[in-house]
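Everything below concerns the one structure shown next.
None of these values were measured; they are calculated from a predicted model. Just so you know, ligand 1 is whichever comes first in the structure, and atom 1 is the first atom listed for that ligand.
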Amino acid sequence: GRERIGAQSVVLRGYALPAARALLAGVDAVRREAPFRHMVTPGGLPMSVALTNCGDFGWTSDERGYRYTREDPRTGLPWPAMPEAFDTLAREAARAADFPGFAPDACLVNRYQPGARLSLHQDKDERDYDAPIVSVSLGMPAVFLFGGHERGDKAVHVPLFHGDVVVWGGVDRLRYHGVLPLKDRPHPTLGSVRINFTIRKAG
Ligand code: MD3
Ligand code: FE
């Protein structure tokens, strides 16, 4: 099913289910080369969400700020290649959501354990706001907060389940969003973890 949550945002329920095995194999390949880590925010606190990246560019945070880099700051090596399954799914989902011609070059992989959360923020470290972002959720369910263009705007709560894909862009691209603290509702095969990866055009 397709649920419109904004003028140019859709939730594609279960869209990633047929590819789930290949996508999880991709996550494993990426994490072997670039392990999940808790990055520090400019405020100096470690994030409750652990992250890694793949593709030509990866998102990083430290005391100096947020930015995309070509190398993993941990090793100085390029981020792992984008798994084929990520790239294919992202292009197909973007097309299905009326963003044809999406050419991603970056993927931020988030790992949530029980209690982890993402406070309201905008994704604005990418160069080109015309490109959409495609998000894939695997494992435990989460409540996604979909706000407006001001931090104080009322946020809609959108539950996201294993296999759901969200595509957002256009007028919704800079809306505030976040994730409520994760409840421990173990997934039958993945256990007490949620993986969300967002495929982007960063460079
Ligand atoms: C943004 N991740 O990595 S993605 C992030 O579930 C991030 O890990 C969240 O925000 C996560 O930067 C959410 C899904 C999403 C869906 C709809 C949106 C993000 C959105 C609509 C507008 C803006
Ligand atoms: Fe975000």
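When ring centroids are compared, W59 and Y66 come within the 6.0 Å threshold.
Atoms of ligand 1 lying under 4.0 Å from at least one heavy atom of D123, given by number and element, are 12 (O). Shown in contact with R175 at under 4.0 Å from a heavy atom are these atoms of ligand 1, numbered in order with element: 23 (C). Those atoms of ligand 1 that come under 4.0 Å of a heavy atom in V166, given as number and element, are 16 (C), 17 (C). Using a 4.0 Å cut-off to heavy atoms of T198, the atoms of ligand 1 that qualify are 3 (O), 4 (S). Set against the non-hydrogen atoms of N196, the atoms of ligand 1 under 4.0 Å away are 2 (N), 4 (S), 6 (O), 8 (O), 11 (C). For ligand 1, the atoms closer than 4.0 angstrom to any heavy atom of F146 are 18 (C), 21 (C), 22 (C). Taking every heavy atom of S135 and a limit of under 4.0 angstrom, the matching atoms of ligand 1 come to 4 (S), 14 (C). Ligand 1 places these atoms under 4.0 Å from at least one heavy atom of L108: 3 (O).
When only non-hydrogen protein atoms are considered, atom 16 (C) of ligand 1 lies nearest to F144 CZ, 3.0 Å. Closest to atom 3 (O) of ligand 1, if we only count protein heavy atoms, is N110 ND2, 3.0 Å. Protein heavy atom in closest approach to atom 7 (C) of ligand 1: L118 CD2, 3.5 Å.
Within the 4.0 Å heavy-atom criterion, neither part of V158 lies near ligand 1. Contacts with ligand 1 closer than 4.0 Å are made by no heavy atom of R117, backbone or side chain.
A donor-acceptor contact closer than 3.5 angstrom is absent between the side chains of Y15 and R2. At a cut-off of 3.5 Å, with distance as the only test, no side-chain donor of E150 or Y176 sits close to an acceptor on the other residue. Using modelled atom types, one finds no donor on one side chain facing an acceptor on the other under 3.5 Å when comparing S9 with R4.
Residue R67 qualifies as enclosed at atom CZ: its count of foreign heavy atoms under 6.0 Å is above 12.
The atom name of the N/O/S atom in D123 closest to the Fe ion (ligand 2) is OD1. Within H121, the N, O or S atom lying nearest to the Fe ion (ligand 2) carries the name NE2.
Checked for salt-bridge contact, R37 and D72 meet the test: a charged N lies under 4.0 Å from a carboxylate O. Taking a cutoff of 4.0 Å between a charged side-chain nitrogen and a carboxylate oxygen, R173 and D123 do not qualify as a salt bridge. The pair E3-R13 meets the salt-bridge criterion, with a side-chain N (NZ, NE, NH1 or NH2) lying under 4.0 Å from an Asp/Glu carboxylate O. Using a 4.0 Å cut-off between charged side-chain N and carboxylate O, R91 and D87 make a salt bridge.
Checking only distances, R194 does come within under 3.5 Å of ligand 1, N or O to N or O. The shortest N or O to N or O distance between H177 and ligand 1 is below 3.5 Å. The shortest N or O to N or O distance between H121 and ligand 1 is below 3.5 Å. Inclusion of W168 in the set of residues having an N or O under 3.5 Å from an N or O of ligand 1 is not warranted.
Remark: side-chain polar atoms of R175 are paired, donor with acceptor, to backbone N or O of G147 under 3.5 angstrom. Of the possible donor and acceptor atoms, one in the side chain of S48 sits under 3.5 Å from a partner among the backbone N and O of R117. In this structure, the side chain of H121 engages the main chain of S119 through a donor-acceptor pair within 3.5 Å.
The closest heavy-atom contact to atom 5 (C) of ligand 1, among the options Q122, R111, R200, comes from R200.
The shortest separation from a heavy atom of Y112 to ligand 1 is under 4.0 Å, placing the residue in contact.
The aromatic rings of F197 and F86 sit parallel to each other, their planes meeting at less than 30°, with 60° as the upper class boundary.
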